[in-house]
Amino acid sequence: VTPDGFNVLVAEFSNHAIRSINIQTRAVTTLAGSGVPGSADGTGIEASFNFPHYVAISPDGVFALVTDTENQLIRRIEIANASVTTLAGTVGSPGYVNAIGTNAQFNGPRGMAITPDGL
């Protein structure tokens, strides 16, 4: 749930998208993801995911982090403009490497949390 309490973000695993549900109106919209598996950074439906599994929203509601499970990535979505960027991981290369950004490797990332101070 976004900090303002108005929206819920949902990782729609099999549709390769991040959806937003307005709690008051119950309207469902696609925040990001084309609906087709992929790893493209971009804005809104120009971005693509490959079985996103989990969404964590920053305490200030500015961004969300997504575990992009089959891409082996952690993705960042700027909520205001739906801009998606790859934060960490090597696309399509499962592994276990501590490194910076796309030099790091994950193997099927699923769970995630952002601490109350945004770290």
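For the single chain, residues carry numbers from 1 onward in sequence order. Only this structure's heavy atoms are used, side chains among them; waters, hydrogens and symmetry mates stay out.
For P59 against P116, the heavy-atom pair with the smallest separation is CG-O, 3.2 Å. Among all heavy-atom pairs drawn from P52 and V66, the shortest one is CB-CG1, 3.8 Å. In terms of heavy atoms, G38 sits closest to S48 at C-OG, 3.0 Å. In this structure, P37 and H16 approach most closely via the heavy-atom pair CG-NE2, 3.3 Å.
Put simply, CG on D68 and CD1 on I18 are 8.0 Å apart, with the number rounded to the nearest 0.5 Å. With values rounded to the nearest 0.5 angstrom, L73 atom CG is found 10.0 Å from F49 atom CZ. Summarising the geometry, atom CD1 belonging to I23 is positioned 6.5 Å from atom OG1 belonging to T2; distances are rounded to the nearest 0.5 Å. For the atom pair CD of Q72 and CD1 of I74, the computed distance is 9.5 Å after rounding to the nearest 0.5 Å. In this structure, R110 CZ and T67 OG1 are separated by 8.5 Å, a value rounded to the nearest 0.5 Å. If you take CG on L65 and CD1 on I114, they are separated by 4.0 Å, rounding to the nearest 0.5 Å.
Cluster annotation: Y54 is not connected to V1 through the hydrophobic network of ILVMFWY side chains, with a link wherever side-chain heavy atoms come within less than 4.5 Å. Note on V62: it clusters hydrophobically with M112, by side-chain heavy-atom contacts below 4.5 Å among ILVMFWY residues.
Open room surrounds CD1 on I45; 12 or fewer heavy atoms of other groups in view lie less than 6.0 Å from it. Within 6.0 Å of CG on D4 lie more than 12 heavy atoms contributed by other residues, nucleotides or ligands.
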Can I get a per-line list of side-chain donor-acceptor pairs under 3.5 Å for residues 5-15, giving both atom names and the distance, sequence neighbours left out?
unit_1: E12; atom_1: OE1; unit_2: R19; atom_2: NH1; d: 2.5
unit_1: E12; atom_1: OE2; unit_2: N15; atom_2: ND2; d: 2.6

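The backbone N or O of T102 lies less than 3.5 Å from a partner atom in the side chain of T90, making a donor-acceptor pair.
Inter-residue side-chain proximity for R76 and V84 is flagged as unmet; no heavy-atom pair is nearer than 4.5 Å.
Within the structure, side chain to side chain donor-acceptor pair (under 3.5 Å) pairs that include any residue of residues 32-45 comprise D41-R75, D41-T86 (at least two apart or interchain).
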